[in-house]
Amino acid sequence: MMENNGGPFGAVIVKNDKIIAEGFNKVTSFNDPTAHAEIVAIRNACKTLGDFHLQGAEIYCNCEPCPMCLAAIYWARIEKIYYANTREDARKIGFDDKSFYEELTKNGNQRKIPAVQILAEEGKAAFKAWAAKADKTLY
């Protein structure tokens, strides 16, 4: 944290009472807005276990996960979240996720960033190929 690699956020992932991965915020050092502590920890845990699912794992964070990290936790199938600071505590030190939480509750046409569907028929080609693929791995 004091090396200015990112914000003051950290996370560890535990499975079977053993720490399998840790992560620290690396947003500014990686120039990657997705390099939050929870995401870094999930990436490390998946690499350690050789799997993209982390069933049976728990994540310990020093702050309530932001919407992006919360979604990643769900995608990873982590079973429980423990956190110390709240999103309000984070807001008080300059990390305000409130607008992100609010945006996600809005209909697509009411959000600040427009999302416009294009090439719907052409886009279905990849989905059709995936649906027909016999050896696909679902997640």
Side-chain angles (χ1 to χ4, degrees):
M1 169 181 65
M2 295 307 184
E3 295 84 21
N4 286 325
N5 291 323
F9 303 100
V12 290
I13 297 178
V14 174
K15 186 170 182 178
N16 300 324
D17 297 321
K18 180 182 175 196
I19 295 174
I20 59 169
E22 60 183 36
F24 302 95
N25 187 293
K26 302 282 188 179
V27 169
T28 57
S29 59
F30 285 8
N31 290 319
D32 179 354
T34 69
H36 289 198
E38 298 90 337
I39 303 290
V40 172
I42 289 168
R43 290 173 181 161
N44 291 338
C46 290
K47 186 181 289 185
T48 296
L49 297 180
D51 198 349
F52 54 85
H53 279 164
L54 300 175
Q55 290 101 336
E58 299 174 331
I59 189 165
Y60 292 78
C61 315
N62 73 330
C63 190
E64 182 178 5
C66 75
M68 176 185 67
C69 292
L70 185 59
I73 289 166
Y74 274 89
W75 275 111
R77 309 301 196 261
I78 292 173
E79 296 183 6
K80 196 164 193 175
I81 303 165
Y82 297 94
Y83 64 92
N85 295 293
T86 67
R87 64 179 92 163
E88 177 60 20
D89 296 326
R91 185 198 62 74
K92 290 177 183 175
I93 63 164
F95 295 92
D96 192 1
D97 298 337
K98 183 179 179 183
S99 64
F100 300 135
Y101 281 101
E102 290 172 352
E103 283 291 297
L104 293 175
T105 65
K106 296 177 183 177
N107 290 327
N109 61 352
Q110 296 173 326
R111 293 184 182 152
K112 291 178 185 173
I113 299 175
V116 180
Q117 184 179 20
I118 61 169
L119 303 172
E121 286 307 311
E122 294 84 349
K124 287 183 182 28
F127 279 26
K128 287 177 184 175
W130 174 258
K133 186 173 170 41
D135 63 341
K136 61 184 166 250
T137 301
L138 296 176
Y139 59 95

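Sequence positions, counted from 1, serve as the residue numbers for this chain.
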Donor-acceptor contact below 3.5 Å, side chain N62 vs main chain G10: yes
Hphob cluster co-occupancy, V14 + I81, side-chain heavy atoms under 4.5 angstrom: no
Student check: side-chain heavy atoms of T48 and K15 closer than 4.5 Å: no
Side-chain touch D89/C63, heavy atoms, less than 4.5 angstrom: no
N25 (side chain) donor-acceptor with V27 (main chain) under 3.5 angstrom: yes
C69 and I39, any side-chain heavy atoms less than 4.5 Å apart: yes
Closest non-hydrogen atom pair between G56 and E79, with its separation: N-OE2, 2.8 Å
L70 side, atom CG; Y101 side, atom OH - distance, nearest 0.5 Å: 6.5 Å
From CZ (R91) to CG (N85), nearest 0.5 Å: 13.0 Å
CD1/I19: more than 12 non-hydrogen atoms of other groups inside 6.0 Å: no
Same apolar cluster (I L V M F W Y, side chains within < 4.5 Å links), V40/I42: no
Distance (rounded to the nearest 0.5 Å) between Y83 OH and I59 CD1: 13.5 Å
More than 12 heavy atoms of other groups within 6.0 Å of Q110 CD: yes
Hphob cluster co-occupancy, F24 + Y60, side-chain heavy atoms under 4.5 angstrom: no
Side chain N107, main chain N109, donor-acceptor under 3.5 Å: no
Separation between CG of L119 and NZ of K124, rounded to the nearest 0.5 Å: 11.0 Å
Reported CD-to-CD distance for the pair E88 and E64, which is rounded to 0.5 angstrom: 10.5 Å
Heavy-atom closest contact (F30 atom, A35 atom, distance): CD2-CB, 4.1 Å
In one Ile/Leu/Val/Met/Phe/Trp/Tyr side-chain cluster, 4.5 Å: L49, I13: yes
Heavy atoms from other residues, nucleotides or ligands near NZ of K136 exceed 12 (cutoff 6.0 Å): yes
Aromatic plane relationship, W75 with Y139 - under 30° parallel, 30 to 60° tilted, over 60° perpendicular: tilted
Nearest atoms (heavy-atom pairs only) where I78 meets A57: CG2-O, 3.4 Å
Heavy-atom closest pair, residues T28 and G6: OG1-N, 3.3 Å
Taking every non-hydrogen atom, the tightest pair across R111 and L104: NH2-O, 3.6 Å
Nearest atoms (heavy-atom pairs only) where A41 meets A21: O-CB, 3.5 Å
Spacing of F100 atom CZ and K112 atom NZ [to the nearest 0.5 Å]: 9.0 Å
